[in-house]
Amino acid sequence: ADTVEDEMEMATVRHRPEALELLEAQSKFTKKELQILYRGFKNIGWYSFLVFHFLPETFKEIYSQFFPQGDSTTYAHFLFNAFDTDHNGSVSFEDFVMGLSILLRGTVQEKLNWAFNLYDINKDGYITKEEMLDIMKAIYDMMGKCTYPVLKEDAPRQHVETFFQKMDKNKDGVVTIDEFIESCQK
């Protein structure tokens, strides 16, 4: 006799994301690619009511495998927020596919909009020096202390100053989406 857990597992295995055709139309992936992505997604995501999600911890676990000498916690949090477009605290398969579609196959404009969204931590339409410094520190923390050449303590702040010298065209202390895109395209 099957247990409730066995029935849930079988239902989980058979589950397909809703409106696969719609997702195929909205993304730059084929149906076959979406099926492959889904298999991988459900193997590392958790499920609630048989709908798979990534939680912030999932991003941390993935990045800590790539950067074992560092602490990926903060960067993973920022990246998670960029994928969690509906801000509900989890990244659904659909959220994941749409973000990945932009990052892998989007136009330059789409990729730059996505990157701006990552750096605009509070989503107010501007990148401040503080936001950029938070991201830079998170990247340096993720890389760890064992980098070559050895990074100076003030490297994140220097990186931010260089970024703002290039990007903040009107010198108002913030970078808008237009300034960001224009500077990146040069």
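Sequential numbering from 1 along the given sequence is applied to the chain's residues.
Looking at every heavy atom in both residues, F80 comes nearest to V91 through CE1-CG2, 3.4 Å. When all heavy atoms are compared, the tightest approach of G125 to D120 is N-OD2, 2.8 Å. Contact between T85 and D95 at its shortest, heavy atoms only, is OG1-OD1, 3.4 Å. In terms of heavy-atom proximity, S72 sits nearest to S64 at OG-N, 3.4 Å. Shortest non-hydrogen contact noted between M132 and F164 is CB-CE1, 4.1 Å. The minimum heavy-atom distance between M98 and Q26, with the atom names listed, is CE-O, 3.2 Å.
To the nearest 0.5 angstrom, L100 atom CG is 10.0 Å from L34 atom CG. One finds the CD atom of E179 at 11.5 Å from the SG atom of C184 (value rounded to the nearest 0.5 Å). Going from atom CD of E131 over to atom CG of L118 covers 10.5 Å, rounded to the nearest 0.5 Å. Once rounded to the nearest 0.5 Å, the distance linking CE of M143 with CG of D71 reads 13.5 Å. The CD atom of E94 sits 5.5 Å away from atom CG of L23, with the distance rounded to the nearest 0.5 Å. One distance of note links OH of Y63 with CZ of F66; it measures 7.5 Å at 0.5 Å rounding.
Within the 3.5 Å criterion, the main-chain N or O of N117 finds no donor-acceptor partner in the side chain of N113.
Hydrophobic clustering (side-chain heavy atoms under 4.5 Å, transitive across Ile, Leu, Val, Met, Phe, Trp, Tyr) keeps I36 apart from V97. Taking hydrophobic clusters as Ile, Leu, Val, Met, Phe, Trp and Tyr residues chained together by side-chain heavy-atom distances below 4.5 Å, F78 shares a cluster with I177. Cluster annotation: V174 is not connected to F116 through the hydrophobic network of ILVMFWY side chains, with a link wherever side-chain heavy atoms come within less than 4.5 Å. Connection of V160 to I139 is established within a shared hydrophobic cluster, with ILVMFWY side chains joined at heavy-atom distances below 4.5 Å, either directly or through further cluster members.
When only modelled atom types and interatomic distance are considered, D178 and T176 share no side-chain donor-acceptor pair under 3.5 Å. Side-chain atoms of K123 and N81 form no donor-acceptor pair, as typed in the model, at a separation below 3.5 Å.
Exactly one residue among E130, K137, K129 makes a side-chain contact (heavy atoms from CB on, under 4.5 Å) with L133. That residue is K137.
In this structure, F163 and Y119 have tilted ring planes: the angle between them lies in the 30° to 60° band.
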**Request:** Could you please spell out the steps behind the salt bridge (Lys or Arg N to Asp or Glu O under 4.0 Å) verdict for R105 and E110?
**Result:** CA-CA 9 Å; R105 298 184 179 160; E110 289 170 331; over 6 Å; no
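You'll find the side chain of Y126 stays beyond 4.5 Å of the side chain of F180, heavy atoms only.
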